[in-house]
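Below is one structure, written out as structure tokens; comments come after it.
Please read these numbers as outputs of a predicted model, since none were measured by experiment.
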Amino acid sequence: MDNIGLDPTFSPSPRRTGLRSWITRMGLGAFAISLIVHIIFALIAIFFLYKWIYPPPEKLDEFIPGGGGGTGGETLHKVQQQKRMMNNTAVSKRISSTSTTALFSLPDSSDEMMDPGLPMEAGGLGSGGGSGGGKGKGTGTGTGGGSGPGFGPGNSFGSLIPTIMRGRCSDSERLSMLRQAGGTPEVEAAVKKSLQWLKGRQNPDGSWGKAHAPAMTGLVLLCYLGHCENTQSLEYGENVSKGISYLINVSLKNNGRMAADLTGNGYVYEHAIATYALSEALTFSRNLQFPIPELEPAVVKAANIIIAGQASGGGWDYLYKVSTRNDLSVAGWQMQALKAAKASGVKLDGLDRTISKATGWLSRVAYVGDGRFAYSDTTPHPAMTAVGALCLQQWGKGSSKPVNGAVRLIMDGLKLREKANPKIDPFAPLYSMQYNSPNADLYAWYYAVQVMRNADGKEWDATNKAILADILPAQNSDGSFKPEAGGGPLTHNGGTSGAGGSRDIYLQTLNTLILEVYYRFLPTSAGGSRLSGLDDLR
């Protein structure tokens with residue numbers, strides 16, 4: 001067809017297609033094209049260089065606690081070992097109840113106990129080596145010495161629990177605190193032997209003891225938790241899980257009340273001891289983020305029963321009767337239990353008012369002067385000296401006149417170890433802490449060693465010597481303890497009605513808790529006096 005009307009000299013440019021056409025439209029020149037190509041190659045090179053030279057570290061996800069320096073490779077290995085154990089469902093079973101009538105049992109696998117919605121703190125790469133306790137933050141150096149890389153998660157799970165309880169969660173920290181407080185490695189060895197002995201005495205339903213099982217189970221759990229043996233413990237996790245499950249089942253069956261006999265005088269003691277144990281278990285559960293179903297409601301119900309059952313004068317009476325009788329032996333366990341419940345983070349209506357009434361009664365009524373506290377109303381009792389003093393220490397009254405008087409009286413008792421016939425307060429012999437003395441009373445000593453640990457100084461030095469000289473040698477080769485000459489732990493047995501068939505468990509737990517005093521709670525300075533480590537727990 002003819003090109004009608006077109007210039008015969010016109011020749012159309014060749015059509016550009018593909019990449020050349022896109023480049024022409026974008027107006028890019030040769031330099032721009034070269035620059036783009038170089039950038040692309042540079043990015044590819046950086047990607048592969050990073051991937052090959054800096055491989056990602058082994059993922060520790062939820063098992064790395066926050067904090068800086070730590071114990072290095074040893075702790076890292078333990079954490080990895082813990083994770084491997086928990087990922088192995090054949091090993092991580094936590095069957096907590098074998099009873100067909102049980103209302104509650106923990107999940108079969110510990111993986112089911114993990115709450116994926118709970119955020120975990122990222123692990124810092126602190127530079128502290130040696131035996132650092134993981135107390136640094138971010139890239140902090142921790143407390144350890146040496147110049148190692150410190151690529152460890154502090155002191156493993158201990159870094160996640162409250163600072164004051166953290167010392168119990170690392171072998172190196174425990175030994176360090178033992179040495180600092182004048183203890184020896186033999187103390188730690190004795191605790192471990194005792195825990196092993198208790199492991200073999202657990203009943204099929206998860207309890208301990210043949211009588212007053214809720215109280216005995218609570219005391220045993222306090223021993224395990226005092227050594228940081230929780231539901232995820234490699235050695236004792238199943239025992240702890242079954243014990244917690246047993247107490248929760250008792251609570252569920254009795255609308256929050258925990259005792260073998262809800263009509264006897266021992267009920268208030270059993271309930272408080274069980275509350276104390278479940279509260280500590282909840283603290284570990286919250287901070288280690290291994291949720292235990294029904295645990296928090298059980299703690300709240302139990303603590304509210306204690307609050308509602310306070311006697312009109314500020315103490316507590318048998319059966320939680322709101323009466324005019326105030327029994328300091330009863331009150332001692334209630335105030336410990338409430339302190340532990342508060343430490344766990346639960347919200348309790350009326351707690352401050354309850355404690356204000358209780359400490360007021362202790363200071364103005366139960367304390368009768370010269371280091372003495374009354375057992376009931378105005379009747380003084382030697383063992384109550386330590387009970388009253390510890391309760392006041394735990395609730396912020398560590399520098400008060402009653403506490404100072406009690407510390408002096410206990411110290412007088414310890415001086416008996418060095419003097420044959422000193423002129424001394426007749427209440428003092430109870431606190432000589434001589435295992436083979438007719439005045440021996442483990443119930444009083446359980447409180448006294450905590451009082452003196454908080455007092456620190458020469459008072460604690462004298463107490464430490466007594467522990468090393470009398471409590472430690474009282475352990476048998478199988479881990480059990482000999483009954484003390486004062487008639488076993490029944491001189492003032494804390495309301496367990498002679499302990500019944502649980503005498504051996506009661507004896508064992510009181511001795512063990514005494515030996516754990518070095519690291520179970522870390523005393524803190526306040527106004528020149530030492531207060532209970534629980535005061536730092538919120």
Side-chain angles (χ1 to χ4, degrees), residues 168 174 178 181 183-203 207-213 215-227 229 235-236 239-240 243 269 273 277 383 386 413-414 417 430-450 452-453 463-520:
R168 64 174 78 175
R174 284 193 296 268
L178 273 167
T184 65
E186 286 74 24
V187 173
E188 174 70 348
V191 170
K192 290 183 176 180
K193 287 175 62 177
S194 179
L195 297 181
Q196 191 64 33
W197 185 89
L198 287 167
K199 179 178 181 177
R201 269 74 183 171
Q202 189 171 26
N203 298 321
S207 66
W208 275 269
K210 297 179 181 179
H212 310 288
M216 299 304 142
T217 302
L219 288 170
V220 174
L221 286 175
L222 287 173
C223 291
Y224 279 122
L225 294 169
H227 199 260
E229 308 294 345
E235 179 70 20
Y236 303 110
N239 303 94
V240 173
Y269 293 96
I273 293 171
L414 290 168
R417 302 177 63 86
L430 184 70
Y431 294 104
S432 67
M433 288 187 63
Q434 293 172 307
Y435 212 84
N436 294 320
S437 165
N439 294 307
D441 186 347
L442 278 173
Y443 173 80
W445 297 354
Y446 160 80
Y447 284 96
V449 295
Q450 295 179 77
M452 301 303 265
R453 182 75 183 98
T463 307
N464 173 56
K465 290 179 182 178
I467 292 173
L468 298 180
D470 275 80
I471 304 296
L472 196 57
Q475 188 176 42
N476 299 311
S477 59
D478 66 349
S480 63
F481 284 88
K482 304 178 180 73
E484 81 277 35
L490 310 175
T491 308
H492 193 88
N493 60 59
T496 55
S497 301
S502 297
R503 181 188 180 103
D504 58 340
I505 301 297
Y506 192 55
L507 174 75
Q508 192 77 14
T509 55
L510 290 182
N511 274 298
T512 305
L513 290 169
I514 287 173
L515 292 177
E516 290 179 346
V517 73
Y518 295 88
Y519 47 72
R520 188 165 166 237

inquiry  = What's the separation between atom CG in L198 and atom OG1 in T512, rounded to the nearest 0.5 Å?
reply    = 5.5 Å
note = Residues passing the salt bridge (charged side-chain N to carboxylate O under 4.0 Å, His left out) test with E235, sequence neighbours excluded, are K199
ask   = So do the side chains of L442 and N511 get within less than 4.5 Å of each other, counting heavy atoms only?
value = yes
inquiry  = Within the 4.5 Å heavy-atom criterion, are W208 and Y506 side-chain neighbours or not?
reply    = no
With sequence neighbours excluded, residues passing salt bridge (charged side-chain N to carboxylate O under 4.0 Å, His left out) with K193 = none
task = With H227 as reference, evaluate E516, R174, R168 under the side chain to side chain donor-acceptor pair (under 3.5 Å) test and give the passing residue.
result = R174
request  = Applying side-chain contact (heavy atoms from CB on, under 4.5 Å), run through L472 and E186 and close with a yes or a no.
outcome  = CA-CA 8 Å; L472 196 57; E186 286 74 24; 3.9 Å; yes
query = Considering residues at least two apart in sequence or located in another chain, which fulfil the side chain to side chain contact (heavy atoms under 4.5 Å, CB included) criterion with A448?
reply = A386, I410, Y431
query = Is a side-chain donor or acceptor of S502 paired with a backbone partner of K210 at a separation under 3.5 angstrom?
reply = yes
key: T509 side chain reached by L222 side chain, heavy atoms, under 4.5 Å   = no
note = Sorted by chain and residue number, the side chain to side chain donor-acceptor pair (under 3.5 Å) partners of N476 (sequence neighbours excluded) come out as S480, K482
inquiry  = Going by side chain to side chain donor-acceptor pair (under 3.5 Å), name the residues that satisfy it together with S432, two or more places apart in sequence or in a different chain.
reply    = Q434
task = Would you check if I467 and M433 make a side-chain contact, meaning some heavy-atom pair closer than 4.5 Å?
result = yes
inquiry  = List the residues meeting side chain to side chain donor-acceptor pair (under 3.5 Å) with K192, not counting sequence neighbours, and say none if there are none.
reply    = none
inquiry  = Suppose we screen for ring pair (Phe, Tyr, Trp, His ring centres under 6.0 Å). Which residues come up paired with Y446, at least two apart in sequence or across chains?
reply    = W333
ask   = Roughly how far apart are I273 CD1 and H212 NE2, rounded to 0.5 Å?
value = 10.5 Å
query = Passes side-chain contact (heavy atoms from CB on, under 4.5 Å), E229 versus L195? Steps please.
reply = CA-CA 10 Å; E229 308 294 345; L195 297 181; 4.2 Å; yes
task = Not counting sequence neighbours, which residues clear salt bridge (charged side-chain N to carboxylate O under 4.0 Å, His left out) with R417? List them please.
result = D470
task = Under the side-chain contact (heavy atoms from CB on, under 4.5 Å) rule, what do T184 and L178 come out as? Steps first, then yes or no, please.
result = CA-CA 6 Å; T184 65; L178 273 167; over 6 Å; no
message = What I'd like to find out is whether the side chain of Y518 reaches to under 4.5 Å of the side chain of N464, using heavy atoms alone.
response = yes
key: Residue pair L515 / A190: nearest heavy atoms and the distance that separates them   = CD1-CB, 3.9 Å
task = Please report the shortest heavy-atom distance between C223 and L513, naming the atom on each side.
result = SG-CG, 3.8 Å
ask   = Do V220 and I505 touch side chain to side chain, with heavy atoms closer than 4.5 Å?
value = yes
key: Side chain proximity check, F481 to L510, heavy atoms < 4.5 angstrom   = no
A277 to L225 - nearest heavy-atom pair and separation = O-CD1, 3.7 Å
request  = Determine the minimum heavy-atom distance between A383 and Y443, stating which atoms define it.
outcome  = CB-CD2, 4.5 Å
task = Take R453 and T463 through the test side-chain contact (heavy atoms from CB on, under 4.5 Å) and record every step on the way to the result.
result = CA-CA 8 Å; R453 182 75 183 98; T463 307; over 6 Å; no
key: Note, V191 side chain near Y519 side chain (heavy atom, < 4.5 Å)   = yes
key: Those residues that, when tested against Q508, pass side chain to side chain donor-acceptor pair (under 3.5 Å) (two or more places apart)   = S194
query = For the atom pair CG (N439) and CG (L430), what is the distance rounded to the nearest 0.5 Å?
reply = 6.5 Å
ask   = Which pair of non-hydrogen atoms, one from N203 and one from G209, has the smallest distance, and what is that distance?
value = ND2-O, 3.0 Å
